[in-house]
Amino acid sequence: MTDSNRSPHPRATQLADEFKSWRQHLHAHPETAFEETLTSAFIAEKLTSFGLEVSTGMAKTGVIATLKGNKGDGKRIGLRADMDALDIHEMTNLPYASKHPGKMHACGHDGHMAMLLGAAKILSEAPDFAGTVDFIFQPAEENEGGGREMVNEGLFDSHPVDAIFGMHNWPGRDVGTMAMKAGPMMASYDVFEINIDGKGCHAAMPHLGRDPITAAGQVLLALQTITARNVNPLESAVISPTQISGGDTWNVIPDSATIRGTVRTFSPVVQDLVEERLKTVVNATAEAFGCSARVMYQRRYPATINSEAETAIAQAAAHRTVGEDKVDANPESSMASEDFAFMLNAKPGSYVLLGNGPTDGNCLLHNAAYNFNDDAIPYGVTYWITLVDEYLGSA
Ligand SMILES: [Zn+2]
Ligand SMILES: [Zn+2]
């Protein structure tokens, strides 16, 4: 493998200003989960102008465009970008800062859309491959599972791809670098709510009640023994209680207390173990203190797990895009999560990271000072084009 072809695709460089203007337009008009109507219309209009077959309305605001190669039949590849913004009030003072108060593209999905649109434009000009490419724009990646909705609404029945690929910008990695590996890239995302029911009484006479506050304190400590004593030390798991409430005043022991939080794991076996142990530990601890417990445990997103063969193809495309020495083939998995996981549960594929430059001035994902780095656009566009070439073959 050589590093000779490491500059962006010439068309991606020529059209960089146009792609940047799309990104900044999208940045100025952020929309959140399942309400991406202006965004969806903008994307559909661009895709139609490239001469693509476009379908809209899946999972409310999803957009899919299909491009057939001019070299005949072949495999079918799905390229996915996410469309939604966050409920954050932007603090960047950029000339193209959010015009929608309280909403902001603080996760760089504006960049993801611009890069996939750019690739769609360039590939439409010269579809020199055998097979089919689907450009998939999904709503509601943050929290609400737009990817899951698209899969449930039959995304892969109407667009039966052989493999699916996703990409996320990554601040803290240099522009012109990429990272990916087979196996878990992102963790699963589960939430829990624990209600501990006791018996309220006068705080000066605790022996007359059953104190849920003290029981909740013991539950908090006991939960950490699951990761420390039950999970295999070579595996990863996080249990983070993030909210605790109970009681209204100084001198009353309340009837109940509530703990909420999240669990992150990479392996389904560990996920099952943590859920089972959490329920057991909570119930038994509450009972030990004369209380009872009700546990709500909900699995939101599965872990994002890259398949071997497709990740090797993604890696080959990344080597051609940025140079082999600029590809991190063993990035640390992140305990954050991603609803692209639902697509990867349905189809083999790979989720890769694209360097977005320094984190100066709190340029961090989900921060009010965040801004996608336009210098990364030509690399992202080139990766998509090169990936199609790797997967569907060139002329
Ligand atoms: Zn995000
Ligand atoms: Zn994101």
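This is a predicted model, so every value here is computed, not measured. For ligands, and for the atoms within them, numbers begin at 1 and follow the listed sequence.
Stacking of Lys46 on the aromatic ring of Phe42 is recorded, both the 6.0 Å distance cut-off and the 45° axial limit being met.
Looking at Arg76 and Asp134, a side-chain N of the basic residue comes within less than 4.0 Å of a carboxylate O on the acidic one, giving a salt bridge. A salt bridge does not link Lys60 to Glu31: none of the charged side-chain nitrogens sits closer than 4.0 Å to a carboxylate oxygen. A salt bridge links Asp87 with Lys103; the closest basic N to acidic carboxylate O contact falls under 4.0 Å. We find that Asp272 and Arg299 are joined by a salt bridge, their nearest charged nitrogen and carboxylate oxygen being less than 4.0 Å apart.
Of all protein N/O/S atoms, those under 2.8 Å from the Zn ion (ligand 2) are Cys107 SG, His109 NE2, His168 NE2, and waters are not counted.
Taking the side chain as every heavy atom from C-beta outward, Leu365 and Tyr370 approach each other to under 4.5 Å.
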